[in-house]
Amino acid sequence: MLLSAEKKKRARVFDELYEFNEKMLLNLKYGKVGLKEICEDYPSVKEIFGGKRLLGGEDGQFIDAYMRSIGTTDSLSQIDYLNERKNQLKKLRDESASDYKKYSSLYMKICLLAGILVAVLLA
């Protein structure tokens, strides 16, 4: 289970970013709620805005670029940018969720087999 923790974290972060992106789009089009209020529902997004880097590598670079652009332009440009990122976030969310399911199942099976092997060797 510890081996799949990073996969679970990645899946959670991209799921929350996708939902945050959707909420930001709705807010920019129809509402005028502050950014802090939108972030309250998403702990990962809140941590990222707080300066914490949750993921490394290309994922971290993507998130950094995404977060730097939030709130820097006018509403219409921001809506266009968020719509462009929507597809990328959906792809990353789906990819990370399938990786988590696949690898967590694999790690559980390996642990079960290792336990059985130890039991057989001790018997």
Side-chain angles (χ1 to χ4, degrees):
M1 284 202 253
L2 294 174
L3 296 173
S4 66
E6 188 65 30
K7 303 284 185 197
K8 182 177 183 178
K9 181 179 177 181
R10 182 174 184 256
R12 179 179 49 87
V13 167
F14 281 120
D15 184 51
E16 287 183 15
L17 275 175
Y18 180 79
E19 295 300 324
F20 170 77
N21 192 69
E22 290 293 307
K23 196 167 186 179
M24 282 291 295
L25 279 168
L26 286 173
N27 184 52
L28 286 170
K29 290 178 182 176
Y30 305 112
K32 296 299 176 200
V33 178
L35 189 58
K36 285 185 179 182
E37 293 174 24
I38 295 173
C39 290
E40 291 298 320
D41 297 335
Y42 310 104
S44 297
V45 175
K46 200 173 174 182
E47 288 181 32
I48 293 168
F49 272 120
K52 188 173 182 182
R53 189 173 176 122
L54 297 178
L55 300 175
E58 290 180 21
D59 293 337
Q61 291 172 355
F62 174 79
I63 292 171
D64 289 343
Y66 176 79
M67 289 301 179
R68 274 193 306 256
S69 70
I70 299 293
T72 58
T73 59
D74 63 303
S75 294
L76 294 177
S77 299
Q78 194 75 61
I79 289 170
D80 291 340
Y81 178 79
L82 292 175
N83 278 325
E84 289 173 9
R85 295 297 171 252
K86 181 179 180 176
N87 291 331
Q88 289 178 326
L89 284 170
K90 184 174 176 30
K91 180 181 155 216
L92 288 169
R93 180 187 70 168
D94 294 343
E95 175 186 303
S96 62
S98 69
D99 278 353
Y100 170 63
K101 287 178 186 176
K102 178 173 60 173
Y103 285 108
S104 65
S105 173
L106 175 67
Y107 294 147
M108 294 297 285
K109 289 175 185 174
I110 289 173
C111 289
L112 178 65
L113 287 175
I116 292 171
L117 179 64
V118 168
V120 168
L121 290 175
L122 292 176

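Please read all numbers here as calculations on a predicted model, not as lab measurements.
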Distance in Å, Ile70 CD1 paired with Asn21 CG, rounded so as to fall on 0.5 Å steps
7.0 Å
Heavy-atom side-chain proximity of Leu92 to Phe62 below 4.5 angstrom:
yes
Within this structure, what is the CG-CG distance for the pair Asp80 and Leu28, rounded to the nearest 0.5 Å?
10.5 Å
Expected list for residues 11-18: side-chain donor-acceptor pairs under 3.5 angstrom, two or more places apart:
residue	atom	partner	partner atom	Å
Arg12	NH1	Ser44	OG	2.5
Glu16	OE1	Ser44	N	2.7
Glu16	OE1	Ser44	OG	2.9

Remaining members of the apolar cluster that contains Leu113, side-chain heavy atoms under 4.5 Å:
none
Would you say Val33 and Leu26 are hydrophobically clustered, going by side-chain heavy atoms of ILVMFWY under 4.5 Å?
no
What is the distance from atom CD1 of Ile63 to atom CD1 of Ile48, rounded to the nearest 0.5 Å?
4.5 Å
Suppose we screen for salt bridge (charged side-chain N to carboxylate O under 4.0 Å, His left out). Which residues come up paired with Arg53, at least two apart in sequence or across chains?
Asp64
State, yes or no, whether a side-chain contact exists between Asn27 and Ile38 at a heavy-atom distance under 4.5 Å.
yes
According to side-chain hydrogen bond (donor to acceptor under 3.5 Å, both in side chains), does anything in residues 89-99 pair up with another residue at least two apart or in another chain? List the pairs.
Arg10-Glu95
Quick one: list whatever passes salt bridge (charged side-chain N to carboxylate O under 4.0 Å, His left out) with Glu84, sequence neighbours left out.
none
Compare every heavy atom of Ser69 with every heavy atom of Tyr81, then report the nearest pair and how far apart it is.
CE2-OG, 2.7 Å
Starting from Leu121 and following side-chain heavy-atom contacts under 4.5 Å between hydrophobic residues (I, L, V, M, F, W, Y), which residues can be reached?
Leu117
More than 12 heavy atoms of other groups within 6.0 Å of Lys23 NZ:
yes
Is the shortest heavy-atom distance from the side chain of Tyr66 to the side chain of Leu82 under 4.5 Å?
yes
Rounded distance [0.5 Å steps], CD in Glu58 versus CD in Gln61:
7.0 Å
